[in-house]
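What follows is a single structure, written as structure tokens, with notes after it.
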Number of protein chains: 2
Amino acid sequence: MLNEIIKKITEEYSVLSNETIDKWKENIKVLEFKKGTQLVKEEKFTNKLYFIYKGSAKAYHLKDGKIITDWFAFNNEFICAITGYFLKEPSEHCIELTENSIILEFEREKLTELSNKFHDFERFSRKIITKIMLQLQKRVVYLQFSTANERYHFLLKEYPKIELHIPLGDIASYIGITQETLSRIRAKK
Amino acid sequence: MLNEIIKKITEEYSVLSNETIDKWKENIKVLEFKKGTQLVKEEKFTNKLYFIYKGSAKAYHLKDGKIITDWFAFNNEFICAITGYFLKEPSEHCIELTENSIILEFEREKLTELSNKFHDFERFSRKIITKIMLQLQKRVVYLQFSTANERYHFLLKEYPKIELHIPLGDIASYIGITQETLSRIRAKK
DNA sequence: AGCCGAATTTGATTTATATCAAAAGTTTTG
DNA sequence: CAAAACTTTTGATATAAATCAAATTCGGCT
């Protein structure tokens with residue numbers, strides 16, 4: 001199974017030599033958890049990057065006691081507690097599985113080591129980060145100046161089946177509106 | 001001058017070998033332009049990355065005929081028309097100098113070539129993108145759920161002197177509010 | 001220096017969305 | 001399979017910020 005996943009990932013991002021893949025494989029953990037499992041808890045240091053093989057996860061943080069959803073990941077997507085992982089600060093973000101999932105877990109230090117050792121892995125890392133960066137860029141554009149209705153339809157275009165996996169409140173939070181507003185938007189079309 | 005700039009950049013992001021630096025230098029253009037110069041015009045393909053040595057620039061796009069500011073860059077920061085540069089699509093974004101500036105210009109294809117050839121340059125590229133990604137991440141957080149007032153003070157914390165360089169309307173647009181609202185916020189403290 | 005156009009402020013009004021509250025549906029689970 | 005515990009919907013009201021409009025201030029230019 002791992003070989004198959006790696007094939008898929010490298011096809012999407014960039015090709016790796018067999019040597020690099022072999023070294024990489026030594027450090028990959030394949031894990032299976034139930035819905036609701038917390039992969040990262042708030043205020044903990046985290047050095048893990050996750051890849052959702054099957055299932056889904058969300059990252060969120062708390063503001064004034066309310067849950068704010070930061071990120072979703074579905075099949076074949078990466079997720080991490082972004083400030084915790086990249087800035088090596090205690091994480092403001094939690095990561096929680098939103099369905100029973102099979103995931104891959106990578107350790108930052110191992111990935112850094114691989115990036116230092118293998119040029120192709122460094123490129124691979126850059127591609128992954130570039131994709132995350134572009135996703136964030138898109139979100140900024142629609143968060144900056146669009147109505148609740150536009151945000152919702154933009155999200156649906158990106159993730160047409162999101163409502164099958166994620167509760168309404170989390171979706172609303174992700175696009176920066178309340179769940180009541182989202183419910184009303186949905187009601188009228 | 002170029003040597004000094006390169007020293008500064010590599011210190012901030014990651015160290016490069018002399019060989020890499022030499023090859024890189026062959027492809028760097030140092031340019032000087034007046035305030036108001038458009039580095040990237042809308043709907044054009046763009047393959048340039050810019051570095052502001054002295055001065056400032058903004059990226060913006062139009063929505064319903066209104067200018068929406070996407071990005072600012074000041075001394076020692078990078079800027080590009082992000083979707084145009086990374087996705088190789090015609091750019092939705094324009095880049096305009098907001099002051100008389102001295103800038104460096106890099107070409108995507110040359111940078112790609114350097115990244116392919118030199119492992120250290122690949123790492124350097126990754127670091128630059130990572131920084132952009134983290135900036136975007138911060139913006140998402142405050143655009144998602146905060147008041148006009150919070151956004152303004154967050155921005156001031158990041159760029160304390162921004163008001164000396166950038167007109168109020170552009171600042172307001174960057175944080176997703178109207179300039180009238182920003183003016184009122186400023187009036188009351 | 002003083003004029004003109006641009007940028008900013010101030011005022012009145014409207015509007016989208018938040019908030020608070022309660023009812024109706026859905027899952028989960030013992 | 002019923003009770004409990006969430007989730008979603010619906011309703012009434014409040015509010016932050018947008019919009020529209022005009023007045024004022026600022027800053028570059030001859």
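Letters A, B, ... mirror the listed sequences (proteins, then strands); counts begin at 1. Hydrogens, waters and symmetry mates play no part in the numbers below; they use all other heavy atoms, side chains included.
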Note to self: Could you tell me how far apart Phe145(A) (CZ) and dA16(C) (C1') are, to the nearest whole angstrom?
What the structure shows: 14 Å

Notebook entry, point to check: Can you check the Ile185(A) CD1 to dT17(C) P distance for me, whole Å?
Noted result: 7 Å

Note to self: Please give the remaining members of the hydrophobic cluster of Phe145(B), linking ILVMFWY side chains under 4.5 Å, ordered by chain and number.
What the structure shows: Ile68(A)

Notebook entry, point to check: Quick one: Arg184(B) CZ to dA18(D) P, roughly how many Å, whole number?
Noted result: 10 Å

Item checked: Lys NZ or Arg CZ of Arg186(A) over Tyr152(A) ring: under 6.0 Å, within 45° -> no

Notebook entry, point to check: Relative to each other, are the rings of Tyr174(A) and Phe72(A) parallel, tilted or perpendicular (30° and 60° limits)?
Noted result: tilted

Check: Above 12 or not: heavy atoms from other molecules or residues under 6.0 Å from NZ of Lys66(B)?
Finding: no

Margin query: Can you measure Lys66(A) atom NZ to dC20(C) atom C1' for me and round it to whole angstrom units?
Written below: 11 Å

Notebook entry, point to check: dA18(D) C1' sits how many Å from Ile68(B) CD1, rounded?
Noted result: 14 Å

Check: Would you say Arg186(A) reaches dT9(D)'s phosphate, i.e. side-chain N/O to OP1/OP2 under 4.0 Å?
Finding: yes

Checklist line | Main-chain N/O of Ser91(B) paired to Glu42(B) side chain as donor or acceptor, under 3.5 Å | finding: no

Check: To the nearest Å, how far apart are Leu143(B) CG and dT17(C) P?
Finding: 16 Å

Check: What do you reckon, is CG of Asn18(A) surrounded by more than 12 foreign heavy atoms closer than 6.0 Å?
Finding: no

Notebook entry, point to check: What pairs of residues pass the ring pair (Phe, Tyr, Trp, His ring centres under 6.0 Å) test when at least one of them lies in residues 31-52 of chain B, not counting sequence neighbours?
Noted result: Phe51(B)-Phe78(B)

Check: Among residues 168-183 of chain B, which residues get a heavy atom nearer than 4.0 Å to DNA chain C?
Finding: Leu168(B), Gly169(B), Gln179(B), Glu180(B), Ser183(B)

Notebook entry, point to check: For Tyr60(B), what are the other residues in its hydrophobic cluster, where any two members join if their side-chain heavy atoms are less than 4.5 angstrom apart?
Noted result: Leu62(B), Ile67(B)

Notebook entry, point to check: What is the per-nucleotide protein-contact pattern of nucleotides 22-30 of chain D, from the 5' end, where B denotes a base atom under 4.0 Å from a protein heavy atom, S denotes such proximity for sugar-phosphate atoms only, and - denotes neither?
Noted result: ---------

Notebook entry, point to check: Looking at residues at least two apart in the chain, or sitting in another chain, which of them share a ring-ring contact (aromatic ring centres under 6.0 Å, His included) with Phe106(B)?
Noted result: Trp24(B)

Margin query: Once hydrogens and angles are ignored, does a donor-acceptor distance under 3.5 Å link the base of dT17(C) to the side chain of Arg151(A)?
Written below: no

